[in-house]
Amino acid sequence: METKTIVLNDIDYITRDEKPVIRLFGRDSKTNENVIAYDTTFKPYLYILPNNLDECLVELRQLGIDDLELEDKIDIGVKREYIKATLIHPQEVPKLRDIIRELPTVREIREYDIPFYRRYLIDKQITPTNVIEIHGKTQDMDFDVDDDVIIFKLEENPIDTKEIVNQNKILSFDIEVYNAEGMPSAKKDAIIMMSLCGNNGFKKVLSTKKSSKDFVETLPTEEDMLKRFVEIIKEENPDMLVGYNSDNFDLPYIKERADTLNIKLPLGIDKSSIKFIKRGFNNAGLIRGRVHVDLYLLVRQYMNLDRYTLERVYKELFDIEKIDVPGDKIFEYWDSDNELLEKLFDYSMDDAITTTEIADKLTPLTVAQTRLVGQPLFDIARMTTGQMVEWYLIWKAFEKNNIIPNKPTTNEYTQRRSSKKVAGGYVKEPEKGLFEHIAYLDFKSLYPSVIIAQNISPDTITTDDTLDESEYHLCPESDYKFLKEPKGFIPSIIGYILDERQRIKKLMYEETVPEQKKAYDFEQQGLKRLANSMFGAYGYARFRWYKKECAAAITAWGREYIQDAMKKSEEYGFKPIYADTDGFYATYIGNLDD
DNA sequence: GGGTAGCGGGG
DNA sequence: GTGTACGCTACCC
């Protein structure tokens, strides 16, 4: 048996002999070769809570489901016995679950909608972007792959070494398109330039026109340009392919152009073309085995701006104006064949360069979040913070033997959405006037602290009126009660996140190697975001652990905390003049010489 | 006020 | 893909 260590970039599954085959895509951490490790042993499953265990087992066997085991799992604080039904193929699950759900002996089904590759990552406890140790042998499989890709058959579970790679190789790309008739259409408007820029210094603009600029490479036709584009991506073999709005513009355009010109686009490690995955209201451009990140989505998540154009974002982050060519004039610059064309080359190059610079600044946080949440970087880069919280909790639920709550049905979802909104933080309108000796006092992570201190969790909320007052926390402004013991699922996880953050911050301050110091900084930022998003998630209608009462209790206690703090400050000679949620401004009116 | 249509980024 | 989906603002009645 051989052992390899790979940086885990991506994961999927394919079907062979009607059985699923998990594929881990990675890069050998020593030789840098591309590796696909496959696992034929992993099977899909779901949980069934029976009304009548024995009868239910009979009914399931009648359906031909005979790989059945009994397992104790905790459901929102209550231990129950579930039937774990293991199936052959993931695509059976949606078909069978509807039948199983309707069986008279079945009370409820669980964990029937966890994508197969995510299930694998969770169950094997391996994390994308980490270094993974794999055991098995180099053995061919009928994957269509490039010659230099190593195919590896897993014979044991992969092991997460927890080792991380601090610097990812980034290659950004951008295209310019002929647009004499307004927004271009890929059916008729050619791609005129394709720019590429790596964080290793690689810079190139491909075009069908000539230039004296050394970064320009001229190709005879658009077809040749597209082929060269594929070639460069294979040669550079980056950890991350980055574009700006590339999910919805560049990649769809490139794909449609290739289709129109009737040429192949073997960008994936398995020689596959770009695929589009429907995610919400827009596409995600997937290049198999490589990680495509659309920076626009990260920028939307991390920055709060009036507009999110590349220019605006670049100015905000670096305080430098980008080379500008008005979008609707691009075809005029192209047709000019004079210095305007030269300016267009510069503009095209600059778009890719700035994209790389922004990526270098923002993606380390996304990679840190990937490692915390344990899902693929491709997915994390397209998740909202609420979804990240959910997948983090799903991972933790597995660790703590908690069964995962179901996603809300459409009915539950619309009900939640239409129900009255939870009251927010306390706001004191600012007092008019000019004040001296202003102090700002605020709570460090107010809501996470409230959740922990009051043990606010779906599994600790109680309506039991026989309890003694000493046994629960009573929420102000309402009669919600939360048990003091045992520690709730979510408070214990937030507690862990906050402790972990303190530990990482300590490491960060002690660290002397700048690279590592930065890595710790991104990790603690990721943890902070996770802790702070937990409150919002309680009120997010699509959240599996949604609990309006918890959200309401958190803000109610939050209001109490801040108002108490304001009162207390008055005893020390302060007069609060403005407050919002977790902090307030106060003017010092006591004697400063005291 | 409640409801829905439209839009973001990209050229 | 163990598919089915955002969140805000403008404008309407």
Side-chain angles (χ1 to χ4, degrees), chain A residues 12-15 20 42-47 85-98 100-101 109-120 122-123 173-186 188-194 243-254 257 275-286 294-301 305-313 324-334 344 347-348 351 355 379 382-387 394 404 406-407 409-410 413 417-418 536 540-542:
Chain A
D12 75 350
Y13 85 92
I14 52 160
T15 303
F42 192 61
K43 291 178 185 161
Y45 60 86
L46 74 162
Y47 288 101
T86 301
L87 307 175
I88 306 295
H89 197 280
Q91 284 170 3
E92 282 182 288
V93 179
K95 287 172 196 153
L96 281 168
R97 72 181 178 209
D98 294 329
I100 297 170
R101 191 191 279 122
I109 56 169
R110 289 291 183 94
E111 305 198 12
Y112 49 77
D113 58 357
I114 313 291
F116 194 54
Y117 66 95
R118 292 195 176 173
R119 182 89 267 181
Y120 190 86
I122 295 164
D123 289 21
F173 65 98
D174 181 55
I175 63 169
E176 308 306 327
V177 160
Y178 196 74
N179 62 344
E181 293 167 59
M183 269 316 277
S185 125
K188 54 177 174 50
D189 295 313
I191 297 172
I192 54 182
M193 292 180 188
M194 304 183 93
Y244 198 81
N245 202 27
S246 41
D247 270 347
N248 286 299
F249 183 74
D250 299 69
L251 290 187
Y253 208 96
I254 291 169
R257 269 324 270 174
K275 286 188 181 65
F276 294 97
I277 297 172
K278 280 238 184 323
R279 255 165 207 270
F281 60 110
N282 51 15
N283 285 325
L286 177 88
D294 185 344
L295 267 195
Y296 171 66
L297 301 164
L298 301 192
V299 161
R300 289 302 301 244
Q301 195 188 125
L305 302 173
D306 47 346
R307 302 191 62 208
Y308 295 90
T309 59
L310 187 56
E311 288 86 344
R312 179 71 186 84
V313 169
D324 191 36
V325 167
D328 53 353
K329 296 282 193 303
I330 284 176
F331 74 103
E332 290 177 17
Y333 281 59
W334 174 253
L344 187 61
Y347 167 75
S348 179
D351 269 5
T355 301
D379 296 15
R382 290 166 179 80
M383 275 184 195
T384 62
T385 41
Q387 291 168 320
I394 288 173
I404 303 164
N406 290 338
K407 268 196 272 196
T409 61
T410 323
Y413 175 72
R417 292 225 71 163
S418 58
Y540 166 57
R542 240 179 261 287

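Owing to the predicted nature of the structure, the values given are computational and were not obtained by experimental measurement. Just so it is clear: chains get the letters A, B, ... in the order the sequence lines come, proteins before strands, and each one is counted from 1.
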Using distance only, find each side-chain donor-acceptor pair of residues 173-184 of chain A under 3.5 Å and give its atom names and separation, not counting sequence neighbours.
{"residue": "A:Tyr178", "atom": "OH", "partner": "A:Asp335", "partner atom": "OD2", "Å": "2.6"}
{"residue": "A:Asn179", "atom": "OD1", "partner": "A:Phe331", "partner atom": "N", "Å": "3.0"}
{"residue": "A:Asn179", "atom": "ND2", "partner": "A:Gly327", "partner atom": "O", "Å": "2.8"}

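- Following rounding to the nearest Å, A:Gln91 (CD) and C:dT2 (C1') show an atom-to-atom distance of 9 Å.
- Among residues two or more places apart in sequence or in another chain, the side-chain contact (heavy atoms from CB on, under 4.5 Å) test is passed with A:Lys43 by A:Thr86.
- The minimum heavy-atom distance between A:Tyr333 and A:Val325, with the atom names listed, is CE2-CG2, 3.8 Å.
- The separation between A:Ile14 atom CD1 and C:dG1 atom P is 17 Å, rounded to whole Å.
- For A:Gln301 and C:dC6, the CD to C1' distance is 13 Å, given to the nearest whole Å.
- Legend: residues meeting side-chain contact (heavy atoms from CB on, under 4.5 Å) with A:Asn248, ordered by chain and number and at least two apart, are A:Asn245, A:Asn282, A:Asn283.
- Aromatic ring centres of A:Phe249 and A:Tyr253 lie closer together than 6.0 Å.
- A:Tyr413 places its OH atom 13 Å from the P atom of C:dT4, with the value rounded to the nearest Å.
- Nucleotides C:dC6 and C:dT2, compared at atom C1', are 23 Å apart to the nearest Å.
- Taking atom P in both C:dT9 and C:dA5, the straight-line distance is 23 Å, to the nearest Å.
- Applying the side-chain hydrogen bond (donor to acceptor under 3.5 Å, both in side chains) test to A:Arg257 and every residue at least two apart in sequence or in another chain returns A:Glu222.
- More than 12 heavy atoms of other shown residues, nucleotides or ligands fall within 6.0 angstrom of atom NZ in A:Lys275.
- Rounding to whole angstrom units, CD1 of residue A:Ile404 and C1' of C:dT2 are separated by 12 Å.
- For A:Pro115, the side-chain contact (heavy atoms from CB on, under 4.5 Å) partners two or more places apart in sequence, or in a different chain, are A:Tyr117, A:Arg118, A:Trp391.
- The phosphate of C:dT4 has OP1 or OP2 within less than 4.0 Å of a side-chain N or O from A:Lys407.
- By the salt bridge (Lys or Arg N to Asp or Glu O under 4.0 Å) test, A:Asp351 pairs with A:Lys322, sequence neighbours left out.
- The interatomic distance linking A:Arg118 (CZ) with C:dT2 (P) rounds to 10 Å, in whole Å.
- Scanning for side-chain contact (heavy atoms from CB on, under 4.5 Å) contacts around A:Glu92 gives A:Leu87, A:Ile88, A:His89, A:Leu96, with sequence neighbours left out.
- When rounded to the nearest whole Å, the span between OH of A:Tyr540 and C1' of C:dG7 equals 11 Å.
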Every protein N/O within reach of nucleotides 9-11 of chain B N/O, cut-off under 3.5 Å:
{"residue": "B:dG9", "atom": "OP1", "partner": "A:Tyr308", "partner atom": "N", "Å": "3.3"}
{"residue": "B:dG9", "atom": "N9", "partner": "A:Asn245", "partner atom": "ND2", "Å": "3.2"}
{"residue": "B:dG10", "atom": "OP1", "partner": "A:Leu310", "partner atom": "N", "Å": "2.8"}
{"residue": "B:dG10", "atom": "O4'", "partner": "A:Asn245", "partner atom": "ND2", "Å": "2.9"}
{"residue": "B:dG11", "atom": "OP1", "partner": "A:Asp174", "partner atom": "OD1", "Å": "3.4"}
{"residue": "B:dG11", "atom": "OP1", "partner": "A:Asp351", "partner atom": "OD2", "Å": "3.4"}
{"residue": "B:dG11", "atom": "O3'", "partner": "A:Glu176", "partner atom": "OE1", "Å": "3.3"}
{"residue": "B:dG11", "atom": "O3'", "partner": "A:Val177", "partner atom": "N", "Å": "2.9"}
{"residue": "B:dG11", "atom": "O3'", "partner": "A:Val177", "partner atom": "O", "Å": "3.4"}
{"residue": "B:dG11", "atom": "N2", "partner": "A:Gly182", "partner atom": "O", "Å": "3.1"}
{"residue": "B:dG11", "atom": "N2", "partner": "A:Met183", "partner atom": "N", "Å": "3.1"}
{"residue": "B:dG11", "atom": "N3", "partner": "A:Asn179", "partner atom": "ND2", "Å": "3.2"}

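- Within 4.0 Å of A:Leu96, counting heavy atoms only, lies no atom of the nucleic acid at all.
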Enumerate all atom pairs, one protein N or O and one N or O from nucleotides 2-6 of chain B, separated by less than 3.5 Å.
none

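- Nucleotide C:dT2 holds its C1' atom 13 Å from the CG atom of A:Asp123, rounded to whole Å.
- Nucleic acid contact for A:Glu111: base, since at least one base atom lies under 4.0 Å from a heavy atom of the residue.
- Counting non-hydrogen atoms under 4.0 angstrom, A:Pro94 reaches the backbone sugars and phosphates but no base.
- Taking the P atoms as reference points, B:dG9 lies 14 Å from C:dA10, given to the whole Å.
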